[in-house]
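Written below as structure tokens is the structure these notes are about.
Hydrogens, waters and symmetry mates are skipped; everything else that's a heavy atom, side chains included, is used. Letters A, B, ... are given to chains in the order of the sequence lines, protein chains preceding strands, and every chain is numbered from 1.
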Amino acid sequence: MRVATWNVNSVRARGDRIAAWLERADVDVVAIQETKCRDDQFPESVFTGLGYEVAHHGLSQWNGVAVASRVGLTDVQVAFPGQPGWGDPAAAEARAIGATCGGVRVWSLYVPNGREVDDPHYVYKLEWLEQLRAAARDWLAEDPGAQIALCGDWNVAPEDGDVWDMAEFEGKTHVTKLERDAFRAVVEAGYTDVVRPHAPGPGVYTYWDYKGLSFPKRKGMRIDFLLASPALAARVSGARIDRDERKGKGASDHAPVIVELA
DNA sequence: ATGGTGGTGCCACCA
């Protein structure tokens, strides 16, 4: 079985490209982030036309997450328990959806960006990661043998080698100690980054800004991860970042990340 | 040498 995570940066602007990638990559399950649409705008046929079932959660033109699967899709859950909200009054944004696919509990997660270190969105980001950690810890406490995949755009570069130049990130988000601590806390709750051993850095990225020719200049960041519970991590036989999908006209600014399960 | 979205016809917001 093959499971992927991909921030598509608009499912409507990239329907053809997503369909072509699904055919090429031959994945069984894909967790998608940044669909940038409401449920009533979601182009289901992109997925159903290729034999996938799909569950989407989108509330506006911002955020939006989905899980598509051709190995079954049941027990769809929108938001994780305790997921923090944003706004006044605080309301959960469309940043998390879970579904069981082929025996694996798949979560598609879009961690808040944080914007600037002195921005309220940064505090929100840290709280969001902390509550995700608590929820993920509880899932494993309930069933230590559960196969759980925490897939998504984490908006954190956990290691210095996960950005092209640490000097350029002085005082910036994605690399601060608090963000890295929050990410590591999820790992320490029992969830392993199963891609890094198969795609070691430094200089191995999943995201390249559209601005300033970042991709050809190899100025990227590794911020998309698939973290696996112990029972799922034990099944991982390979993983790769599909850097080629970042090439050409109409690409998302994120590359898909693919994990192979035995 | 940025791109997506939505409300308006270029600009604001988000990344």
Quiz item: Contact class for A/Y110 (heavy atom, under 4.0 Å): base, sugar-phosphate, or nothing?
Solution: sugar-phosphate
Self-check item: Salt bridge A/D138-A/R133, side-chain N to carboxylate O under 4.0 Å
Solution: no
Self-check item: Gap between atoms CG and P, on A/D119 and B/dC13 respectively (whole Å)
Solution: 13 Å
Self-check item: Distance below 4.0 Å between A/S60 side-chain N/O and B/dT5 OP1 or OP2
Solution: no
Self-check item: Length of the line joining A/K249:NZ and B/dT2:P, which is rounded to integer Å
Solution: 14 Å
Quiz item: Touch check for A/R14, heavy atoms < 4.0 angstrom, all strands: base, sugar-phosphate only, or nothing?
Solution: sugar-phosphate
Quiz item: Which nucleotide in the list B/dG6, B/dA1, B/dA15 gets nearest to the side chain of A/Q61?
Solution: B/dG6
Quiz item: P atom, B/dG9 versus B/dA15: distance in rounded Å?
Solution: 25 Å
Quiz item: How close or far is atom C1' of B/dG4 from atom CZ of A/R17, stated in whole angstroms?
Solution: 15 Å
Quiz item: Is a side-chain donor-acceptor pair under 3.5 Å present for A/Q33 with A/T5?
Solution: yes
Practice problem: Figure out the CG/P separation between A/N113 and B/dG4, and round it to whole Å. | Solution: 18 Å
Quiz prompt | All pairs passing salt bridge (charged side-chain N to carboxylate O under 4.0 Å, His left out) where residues 252-262 of chain A contributes a residue, at least two apart | solution = A/R2-A/E260
Quiz item: Nearest to the side chain of A/W62, which nucleotide is it out of B/dG3, B/dG4, B/dA15?
Solution: B/dG4
Quiz item: For atom C1', what is the distance between B/dT8 and B/dA1, given to the nearest Å?
Solution: 27 Å
Self-check item: Residue met sooner reading DNA chain B from 5', once A/K36 and A/P112 are mapped to nucleotides
Solution: A/K36
Practice problem: Could you check A/D209 against A/E34 and say which one's nearest nucleotide on DNA chain B is further toward the 5' end? | Solution: A/D209
Quiz item: Looking for any heavy atom pair under 4.0 Å, which part of the strands does A/Q41 touch: base, sugar-phosphate only, or nothing?
Solution: sugar-phosphate
Quiz item: Tell me: OH of A/Y210 to P of B/dA1, nearest whole Å?
Solution: 19 Å
Self-check item: Between C1' of B/dC14 and CD of A/E116, the distance in whole Å
Solution: 13 Å
Practice problem: Using a cut-off of strictly less than 4.0 Å, decide whether A/R246 has a side-chain nitrogen or oxygen near OP1 or OP2 of B/dT2. | Solution: no
Quiz item: At under 4.0 Å, does any side-chain N or O of A/R12 touch on OP1 or OP2 of B/dG4?
Solution: no
Quiz item: Is the shortest side-chain N/O distance from A/R95 to OP1 or OP2 of B/dA15 below 4.0 Å?
Solution: yes
Exercise. Return the stems involving DNA chain B, sorted by first number, where pairs are Watson-Crick (N1-N3 with N6-O4 or O6-N4) or G-U wobble (N1-O2 and O6-N3), both under 3.5 Å, and runs are 3 or more long.
Key: B:2-6 with B:11-15
Quiz item: Do A/R180 and A/D160 sit within salt-bridge range, that is, some charged N less than 4.0 Å from a carboxylate O?
Solution: yes
Self-check item: Steps toward side-chain contact (heavy atoms from CB on, under 4.5 Å) verdict (A/S252, A/W6)
Solution: CA-CA 9 Å; A/S252 168; A/W6 189 14; 4.0 Å; yes
Practice problem: Nearest whole angstrom, please: distance from the P of B/dT2 to the NZ of A/K217. | Solution: 10 Å
Quiz item: So, A/R222 versus A/T206: side-chain donor-acceptor pair below 3.5 Å or not?
Solution: no
Practice problem: Could you tell me the separation between the OH atom of A/Y207 and the C1' atom of B/dA15, rounded to a whole number of Å? | Solution: 6 Å
Quiz prompt | Distance under 6.0 Å and angle within 45° of ring axis: A/R246 vs A/F215 | solution = yes
Self-check item: Rounded C1' spacing from B/dT5 to B/dC10 in Å
Solution: 14 Å
Quiz prompt | Distance, C1' atom - from B/dA12 to B/dG7, rounded to whole angstrom | solution = 9 Å
Quiz item: Are A/K125 and A/E179 within salt-bridge range, i.e. N to O under 4.0 Å?
Solution: yes
